[in-house]
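I have placed the structure first, in the form of structure tokens, so that the comments after it can refer back to it.
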Amino acid sequence: MARRRPNFYEHLRMPSTPTYSARFTYTFYLGAISIALFFILGLTGILEMFLYVPTPEQANNSVKLIAFAAPYGWLIRNMHYWAGQAMVVTVTLHMIRVLLSGGYKKRRSNWLIGMSLLLMTLMIDFTGFVLRWDDRASWALLVGTNLIREISPERTPDPRIAQGEDIFYNGTDVAPACALCHTLDGTTLVGPTLQGIRETASKRVRRQSARDYIRTSIISPNSYKPPGFENGSMYPDYGRVLTDEQIDALIAFLMTQ
Ligand code: HEC
């Protein structure tokens, strides 16, 4: 290749990088474009942060505030959105380019770095989308969480929790509902509130687990006397009218409180 003065862009490259491999027709500047988009995203993101409210009630409203009320908010939000979409495209194309041109062969760790950057870009793009907190975002979130559940089924919430919640609030045909006497919000009815029972139960009796304490409290309520309460007023027959499975479900549910 004929020697010529390197142009400005080529100066940005390390001197060890051969000029031909920094040419536009070779790299399409995909890396540089991705970096530029990254900076646009950072800048517009910081600006949006001033108005964004990250709570379930306010998130969507604050996005609307940014888009419709804030000066140039629409511009900033659109730039953020499209830079985000474009970055996914350019980073992916960049990966493909590196793969096809064998660019990773010189320094193999580059490939790993590139792969993690691609993954991170995809994940950040997803979380950014969810931040909008509108209908489409919540469906996306549902799909995302289901995916994670598929990958790690052991993290799927225990189905007994829902069953336990149902018994707690509605009882069964033969057992009165716990909610007649217990709340989960800190107020006292006939019995002590079960707000934070997972924590309380673990401390009530020395060296007894929270699960065991709750189980015994249900099956034979007079075994313990929570401070400020007298025995005798909790329905005494749960051990008889509830199946073991139903009691396990109640414990699973109360352990989430
Ligand atoms: C008729 C009222 C009543 C009903 C119904 C009732 N409880 Fe109770 N519960 C009490 C009272 C009163 C106490 C405190 C005195 C005692 O332990 O005997 C208590 C205590 C407890 C405790 C111990 C709380 C602590 O802070 O140590 C647990 C756990 C509990 N109940 C769970 C349940 C569950 C689960 C159900 C439903 C299956 C239920 N209770 C239904 C009245 C009730």
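Counting convention: from 1, in listed order, for ligands and their atoms alike. Index from 1, following the sequence.
For atom 41 (C) of ligand 1, the nearest non-hydrogen atom from the set F229, F253, Y238, Y169 belongs to Y238. Summarising the contacts of atom 24 (C) of ligand 1 with P192, A201, P236, the nearest heavy atom is found in P192.
Under 4.0 angstrom from ligand 1, the non-hydrogen atoms of A177 all belong to its backbone. Residue-level proximity to ligand 1 for I167 is absent, since no heavy atom of it falls below 4.0 angstrom. The backbone of Y224, and not its side chain, has at least one atom closer than 4.0 Å to an atom of ligand 1 (non-hydrogen atoms only; backbone = N, CA, C, O). Counting heavy atoms closer than 4.0 Å to ligand 1, residue C178 contributes atoms from both its backbone and its side chain. At a heavy-atom cutoff of 4.0 Å, ligand 1 is contacted by both the backbone and the side chain of N231. Residue contacts with ligand 1 for S233 involve both N, CA, C or O and side-chain atoms from C-beta outward (heavy atoms, distance under 4.0 Å). Using a 4.0 Å cut-off between heavy atoms, H182 contacts ligand 1 through its side chain alone, with no backbone atom that close.
In this structure, R136 does not pair ionically with D134, as no charged nitrogen and carboxylate oxygen lie closer than 4.0 Å.
Of all the atoms in ligand 1, the ones that sit under 4.0 Å from a non-hydrogen atom of C181 are 1 (C), 2 (C), 3 (C), 4 (C), 5 (C), 42 (C), 43 (C). Of all atoms in ligand 1, numbered sequentially from 1 with element shown, those under 4.0 Å from a heavy atom of I218 are 35 (C). Against a heavy-atom cut-off of under 4.0 Å, V190 is close to the following atoms of ligand 1: 12 (C). Those atoms of ligand 1 that come under 4.0 Å of a heavy atom in L250, given as number and element, are 38 (C). Counting the atoms of ligand 1 from 1 in the order shown, those under 4.0 Å from a heavy atom of P221 are 16 (C), 17 (O), 18 (O). Atoms of ligand 1 found under 4.0 Å from any heavy atom of G191, numbered from 1 in the order shown, are 10 (C), 11 (C), 12 (C). The ligand atoms of ligand 1 that sit less than 4.0 angstrom from a heavy atom of L254 are 35 (C).
Results of the side-chain contact (heavy atoms from CB on, under 4.5 Å) test with V88 over L118, L122, L93 single out L122 as the only residue that passes. Each of H80, M79, M87 was evaluated against I40; a single residue qualifies, M79, per the side-chain contact (heavy atoms from CB on, under 4.5 Å) test.
When all heavy atoms are compared, the tightest approach of L254 to I197 is O-CG2, 3.3 Å.
Sparse packing is recorded around CZ of F38, with 12 or fewer heavy atoms of other residues, nucleotides or ligands lying under 6.0 Å away. By the neighbour-count criterion of 12 heavy atoms within 6.0 Å, atom CG of D185 is densely surrounded, having more than that number from other residues, nucleotides or ligands.
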For a side-chain contact (heavy atoms from CB on, under 4.5 Å) check, start with the C-alpha distance between F39 and L37, then their side-chain angles and the critical distance, and finish with the verdict. CA-CA 5 Å; F39 280 113; L37 289 170; over 6 Å; no

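One side chain, S34 or T90, offers a donor N or O that lies under 3.5 Å from an acceptor on the other.
Nearest protein neighbour of atom 28 (C) of ligand 1, counting heavy atoms only, is S217 CB, 3.6 Å. Of the protein's non-hydrogen atoms, the one nearest atom 26 (O) of ligand 1 is R204 NH2, 2.7 Å.
Here's the thing with Y213: one of its N/O atoms is less than 3.5 angstrom from an N/O atom of ligand 1. Ligand 1 has no N or O atom lying under 3.5 Å from any N or O atom of E230, backbone or side chain. Any N or O atom pair closer than 3.5 Å counts here, and M234 shares no such pair with ligand 1.
Atom CZ in F168 sits 7.0 Å away from atom OG1 in T183 (nearest 0.5 Å).
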